[in-house]
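Structure first, commentary second.
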Amino acid sequence: GYDVMIQAMSGLMSVTGAPDGPPQKAGVAVSDLFTGFYAATAIAAALAQRGETGPGQFIDLALFDCQVACLANQAMNTLVSGRPPARMGNDHPNLSPYGAYRCAHGHLIIAVGDEAQFERLCEAIGQAELASDPRFRGNAARVAHREKLDERITRALASDSAATWLGRLQRHGVPCGPINAIDEALADEQLEHRGIKINLSHPTLGEVPLLGNPIKFSQTEVEYSLAPPRLGEHSDEILSELGYDRSRIALLRADGVI
């Protein structure tokens, strides 16, 4: 299976991209990644079960199954309504305002999830009257009148830059964020604080930059001792553990098997 094929088959591409554009795949191989995450969870669960019962078990995972399982609210909306969702760009099918907004310079993300946040947003952008407008009172009403609300928000944001608005919205407790390029995200001080960027010594490349493990344990510190291995670096070691002697390993190498 190939990731883009699974993104297409699962329906993910049908809800990704601009409303008037073609189906769009995600920018990274999410179907492959989701399946890996499910596999790691399944392995941990099987090990826990083995600790209680003794025998292990075979784990069966399919890329297609895992990607469909990760459609989350989009799949549930379809199951409940019987209607497949359409592409909405950066909008959310069940929440408003929730998406990307243009400012005088640049764009930003606003993600409002409840009434208190909406009221604070209206106050922050100088449109306090929107919070009491019947068209926008309650999330269901805002979703129904999404276009009108977005027009009012975009008009207000046009008065200043994204950077200025981000500071103002954050001071008002409105969930928001910049739309970073990857190099900008990697430069974020949060990643430095959390130790996500690491460097390891490689035998031929010297110090190489890598991404660390985002999991943080309360009692165990994640340690990094080896850079990504070279092709075949551990072949002899692995085959020896499997019972192959040196002469047989040499024969496999001479025959081009390894």
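- Within a 6.0 Å radius of NZ in Lys197, more than 12 heavy atoms belonging to other residues, nucleotides or ligands are found.
- Surrounding OH of Tyr101 are more than 12 heavy atoms belonging to other residues, nucleotides or ligands, all under 6.0 Å away.
- Leu108 places a side-chain heavy atom less than 4.5 Å from the side chain of Leu169.
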* Quick one: do Asn94 and Val143 satisfy side-chain contact (heavy atoms from CB on, under 4.5 Å)? Show the steps, please. => CA-CA 7 Å; Asn94 304 110; Val143 170; 5.9 Å; no
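- Contact check for Leu226 versus Leu200: no side-chain heavy atoms found under the 4.5 Å cut-off.
- Between Lys25 and Asp3, none of the side-chain N atoms (NZ, or NE/NH1/NH2) sits under 4.0 Å from a carboxylate O, so this pair counts as no salt bridge.
- Under the 3.5 Å distance criterion, the side-chain polar atoms of Glu233 are matched with a main-chain donor or acceptor of Arg230.
- Residue Tyr2 qualifies as open at atom OH: its count of foreign heavy atoms under 6.0 Å is 12 or below.
- Within 6.0 Å of NE2 on His105 lie no more than 12 heavy atoms contributed by other residues, nucleotides or ligands.
- In terms of heavy atoms, Pro93 sits closest to Arg146 at O-NH2, 3.9 Å.
- Looking at heavy atoms from C-beta onward, Glu151 lies out of side-chain contact with Thr154 at the 4.5 angstrom threshold.
- In the displayed structure, Ile182 atom CD1 is contacted under 6.0 Å by at most 12 heavy atoms of other residues, nucleotides or ligands.
- Under the 4.0 Å criterion applied to side-chain N and carboxylate O atoms, Glu147 and Arg152 are not assigned as salt-bridge partners.
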* Hey, mind stepping through Ile59 and Leu61 against side-chain contact (heavy atoms from CB on, under 4.5 Å) and telling me if it holds? -> CA-CA 7 Å; Ile59 296 170; Leu61 285 164; 4.2 Å; yes
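- In terms of heavy atoms, Thr78 sits closest to Pro84 at OG1-CA, 3.9 Å.
- Considering every non-hydrogen atom in both Ala104 and Ser159, the closest pair reads CB-C, 4.3 Å.
- The shortest distance between side-chain heavy atoms of Glu129 and Cys122 does not fall below 4.5 Å.
- When atom types are taken as modelled, the side chain of Arg120 and the backbone of His172 share a donor-acceptor pair closer than 3.5 angstrom.
- Arg135 places no side-chain N or O within donor-acceptor distance of the main-chain N or O of His145, the cut-off being under 3.5 Å.
- The minimum heavy-atom distance between Leu157 and Trp165, with the atom names listed, is O-NE1, 2.9 Å.
- In terms of modelled atom types and a separation under 3.5 Å, the side chain of Gln67 and the main chain of Leu12 share no donor-acceptor contact.
- Under the 4.5 Å side-chain criterion, counting only non-hydrogen atoms from C-beta, Arg253 is not in contact with Arg248.
- Annotation: side chain of Pro85 is not in contact with side chain of Asn77 (no heavy-atom distance under 4.5 Å).
- Counting only heavy atoms from C-beta outward, the side chains of His92 and Asn73 approach each other to under 4.5 Å.
- Separation of atoms CG (Leu239) and CZ (Arg246) is listed at 13.5 Å; rounding is to 0.5 Å.
- Contact of the Leu121 side chain with the Leu130 side chain is not registered, since no non-hydrogen atoms from C-beta on lie closer than 4.5 Å.
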* **Val222 and Phe217: CA distance, side-chain angles, deciding distance, side-chain contact (heavy atoms from CB on, under 4.5 Å) verdict** => CA-CA 8 Å; Val222 177; Phe217 296 102; 4.2 Å; yes
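- Proximity of a side-chain donor or acceptor of Tyr244 to a complementary backbone N or O of Asp236 within less than 3.5 Å is not detected.
- In Glu189, the CD atom is not crowded: 12 or fewer heavy atoms of neighbouring residues, nucleotides or ligands sit closer than 6.0 Å.
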